K.L.:
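I'd like to ask some things about the structure below.
Quick caveat, the model's predicted, so the values are computed rather than measured. Note that ligands are numbered from 1 as they come in the structure, with each ligand's atoms numbered from 1 the same way.
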Amino acid sequence: LVVGDIDVGTDVLIIGAGPAGYTTAIRLGQMGLDVTLAGPDIGGICLHQGCIPVKGILYALNLAADMRNAGAMGITADNVSLNMSKLRAGNDQEIHRLETGIRSMLKASGVQVFEGICSFTSSSSANLVSHGRTQRITFKRAVIATGMHYSVPEGISPDDKRIVFPYAISRMDTVPGSAVVLGGGVAGASMVSVFAKMGTKVSIAYKQSTLISWLDNDLLQAAMNKLAGYGVQVFPGASWTISADHSTVTIRSGDKTQTLNPDLIVLCSPMKPNIEGLSLNNTKVKLKSNGFVAVDDHYRTSDPSIYAMGDVLGGRRNASVAFRDGLTVANILAGKAELPDFQAMPLTLDAGLKITCAGMSEKAAEKAGIDVSVSRSPYSANGGAATTRSPEGFVKVISEKSTGRILGVFIAGIHAGDLLGEAMLAIETGARLEDVALTLHPHPEIVEIFADACARGAGLSANVGKK
Ligand SMILES: Cc1cc2nc3c(=O)[nH]c(=O)nc-3n(C[C@H](O)[C@H](O)[C@H](O)COP(=O)(O)OP(=O)(O)OC[C@H]3O[C@@H](n4cnc5c(N)ncnc54)[C@H](O)[C@@H]3O)c2cc1C
């Protein structure tokens with residue numbers, strides 16, 4: 001390597017080209033700033049190994065299941081089968097198309113893009129290693145947007161064949177005969193759901209007593225029932241060891257010990273920030289006690305010229321938050337008015353059935369001592385759900401008892417992600433139950449279930465009592 005091959009100067013250097021990084025870069029470019037974006041993969045985890053490929057796989061698996069179950073609609077689809085390598089190729093094509101779109105936005109905004117890994121050499125310079133060549137970049141301000149990764153549990157060495165992280169899903173060419181998912185939470189639930197829907201004999205072990213500790217019991221129960229229907233073996237409150245040759249996993253749960261011999265072991269371990277390669281010791285950037293990058297309310301690190309955003313900040317983060325961080329930080333760096341903070345973060349997962357959440361849960365309200373009302377509407381009472389033969393699931397709305405203001409919405413059932421859009425707007429705008437209930441909704445559509453849950457809470461539903 002020859003250090004200092006070419007020197008590049010830029011006003012703003014953004015490190016990491018995921019949703020947070022490329023959003024900031026495009027916005028700053030559009031506002032006329034001199035911006036450089038550096039990262040090995042344009043689109044980040046979201047595009048290449050996370051949201052998009054996993055959702056693409058789940059869509060295909062749900063479609064195959066719908067086709068198999070379409071007899072009641074007079075459709076006969078014999079021998080529905082899944083070709084994983086074709087599914088992967090199709091997903092890769094869409095990912096490539098989306099990446100091309102991001103690249104052309106970056107180009108049109110005048111952003112200088114370097115594909116490589118950056119490390120700080122000071123508070124105003126960094127080295128960028130790309131294709132075996134090192135370039136020195138000097139900057140006035142830098143933004144760390146390097147994301148996070150699953151930690152490697154002590155004593156376990158993933159081999160990317162038999163022991164993998166969830167990223168491996170995006171590269172799968174065959175359906176494993178059997179799999180064990182180690183770790184719960186949103187990641188564990190999503191992984192076990194993908195394998196169950198593929199037809200893999202799958203088990204899940206997690207340390208907590210419940211699969212997703214913060215989820216209200218009714219949603220959790222709906223997910224667990226669905227997973228049980230797929231024959232998923234569940235080990236709550238578990239600990240485990242993997243044999244040295246990676247062939248077996250011994251799981252201890254309650255008073256039971258079981259040794260499994262799966263084709264695949266998927267590690268859904270806690271996340272760590274991607275900071276190893278950044279040489280933060282050459283800057284004044286400080287970390288929080290959990291190891292993630294510390295910032296103030298304006299995304300400034302303890303180094304006056306360096307900002308940070310997205311997953312590298314830790315906490316409950318996802319792509320929606322990363323996109324928003326990207327816009328907010330662009331405004332801050334361009335000296336524009338800061339965007340208002342958001343009230344609620346949307347969360348979507350597939351845990352046997354689709355679950356989406358936003359805002360305050362019943363559990364959280366109880367913990368915070370807030371007096372809330374809870375209203376529910378079942379899919380089974382909705383005409384739209386009936387036309388799609390999908391009576392399973394419900395919408396639950398948590399509202400402030402004294403005002404009717406909507407504080408949280410939790411949905412289990414098909415199209416839960418689409419329903420959550422209106423719920424997010426209701427929470428953000430401070431809507432009350434009757435605001436939604438008295439808004440005419442298209443009929444017969446699944447979105448009416450949210451309106452009905454609000455109407456039931458406001459005492460305005462003709463459906464009250466209908467289960
Ligand atoms: C399997 C999976 C499924 C997911 N599904 C969803 C979902 O359905 N919905 C949702 O909202 N979220 C989902 N997420 C989370 C979502 O992908 C992340 O929250 C989001 O990508 C965070 O964006 P980011 O820009 O902060 O970081 P990232 O997308 O992680 O991007 C960071 C980039 O920085 C690069 N980088 C790291 N170190 C350096 C360095 N030293 N120099 C240069 N570049 C560097 C990385 O290579 C990466 O490209 C999922 C995640 C996973 C793993």
K.L.:
What are the two closest non-hydrogen atoms of Pro391 and Tyr379, and how far apart are they?
P.N.:
O-CB, 3.4 Å
K.L.:
Mind listing the closest non-hydrogen atom pair of Val395 and Ala453 along with its distance?
P.N.:
O-CB, 3.8 Å
K.L.:
Would you mind reporting whether Ser85 and Asn83 have side-chain heavy atoms less than 4.5 Å apart?
P.N.:
yes
K.L.:
Among Gly39, Gly21, Pro53, Ala145, which residue places a heavy atom closest to atom 33 (C) of ligand 1?
P.N.:
Ala145
K.L.:
Does a side chain donor of either Thr121 or Asn282 reach within less than 3.5 Å of an acceptor in the other side chain?
P.N.:
no
K.L.:
Just to be sure I'm reading this right: ignoring hydrogens, which of Cys51, Cys46, Ser130, Gly50 gets closest to atom 15 (C) of ligand 1? Compare them by their nearest heavy atoms.
P.N.:
Cys51
K.L.:
Distance-only, no hydrogens or angles: does the Ser151 side chain make a donor-acceptor pair with backbone N or O of Pro153 under 3.5 Å?
P.N.:
no
K.L.:
Nearest heavy-atom pair of Asp350 and Gly352: which atoms, and what distance?
P.N.:
OD1-N, 3.3 Å
K.L.:
Provide the number and element of each atom of ligand 1 under 4.0 Å from a heavy atom of Gly44.
P.N.:
29 (O), 31 (O), 49 (O)
K.L.:
Counting N and O atoms only, with roles assigned by atom type, does the side chain of Gln49 sit under 3.5 Å from a partner on the main chain of Ala168, one being a donor and the other an acceptor?
P.N.:
no
K.L.:
Check this for me - ligand 1, Ala319, N or O atoms closer than 3.5 angstrom, yes or no?
P.N.:
yes
K.L.:
Indicate the atoms forming the closest heavy-atom contact of Ile306 with Thr301, along with that distance.
P.N.:
O-OG1, 2.7 Å
K.L.:
Tell me the protein heavy atom at minimum distance from atom 29 (O) of ligand 1, and give that distance in Å.
P.N.:
Ile45 N, 3.1 Å
K.L.:
Measure the distance from atom 45 (C) of ligand 1 to every protein heavy atom, then report the residue, atom name and distance (to 0.1 Å) of the closest one.
P.N.:
Thr146 CG2, 3.7 Å
K.L.:
Closer than 4.0 angstrom, basic N to acidic O: yes or no for Lys396 and Asp218?
P.N.:
yes
K.L.:
Considering non-hydrogen atoms of the protein only, which is the closest contact for atom 18 (C) of ligand 1, and what is the distance?
P.N.:
Asp311 OD2, 3.1 Å
K.L.:
Tell me whether Cys118 has any N or O atom under 3.5 angstrom from an N or O of ligand 1.
P.N.:
yes
K.L.:
If you measure from each heavy atom of Ala187 to ligand 1, is any distance below 4.0 Å?
P.N.:
no
K.L.:
Which residue owns the protein heavy atom closest to atom 46 (C) of ligand 1, what's the atom, and how far is it?
P.N.:
Asp41 OD1, 3.9 Å
K.L.:
Return a yes/no value for Pro19: is any of its N or O atoms, backbone included, closer than 3.5 angstrom to an N or O of ligand 1?
P.N.:
yes
K.L.:
For atom 31 (O) of ligand 1, what is the closest protein heavy atom, and at what distance to 0.1 Å?
P.N.:
Gly18 CA, 3.4 Å
K.L.:
Any chance you could lay out the side-chain hydrogen bond (donor to acceptor under 3.5 Å, both in side chains) test for Ser122 and Ser125, step after step, and finish with the verdict?
P.N.:
CA-CA 5 Å; Ser122 74; Ser125 63; 2.8 Å; yes
K.L.:
Look only at interatomic distance and state if Gln49 has a nitrogen or oxygen under 3.5 Å from any nitrogen or oxygen of ligand 1.
P.N.:
no
K.L.:
With heavy atoms of Gly310 as the reference, note each atom of ligand 1 found under 4.0 Å away.
P.N.:
26 (O)
K.L.:
Given 3.5 Å as the limit, does a donor-acceptor pair link the side chain of Arg103 with the main chain of Ile42, or not?
P.N.:
no
K.L.:
Where on Ala38 is there a heavy atom closer than 4.0 Å to ligand 1, on the side chain, on the backbone, on both, or on neither?
P.N.:
backbone
K.L.:
When only distance counts, is Tyr167 in polar contact with ligand 1, meaning an N/O pair under 3.5 Å?
P.N.:
no
K.L.:
Enumerate the atoms of ligand 1 whose separation from the nearest heavy atom of Gly116 is less than 4.0 angstrom.
P.N.:
43 (C)
K.L.:
Tell me: protein heavy atom nearest atom 25 (O) of ligand 1, and distance?
P.N.:
Ala20 N, 3.0 Å
K.L.:
Looking only at N/O atoms, are Leu278 and ligand 1 under 3.5 Å apart anywhere?
P.N.:
no
K.L.:
Could you find the nearest protein heavy atom to atom 27 (O) of ligand 1 and give me its residue, atom name and distance?
P.N.:
Gly147 CA, 3.5 Å
K.L.:
Are the aromatic rings of Tyr230 and Phe195 close, with centres under 6.0 Å apart?
P.N.:
no
K.L.:
In the protein, which heavy atom is nearest to atom 44 (N) of ligand 1, and how far is it?
P.N.:
Pro40 CD, 3.3 Å
K.L.:
Which bit of Ser119 gets closer than 4.0 Å to ligand 1, counting heavy atoms only: side chain, backbone, both or neither?
P.N.:
neither
K.L.:
Any donor and acceptor pair, going by atom type alone, linking the side chain of Arg88 with main-chain N or O of Arg171 inside 3.5 Å?
P.N.:
yes
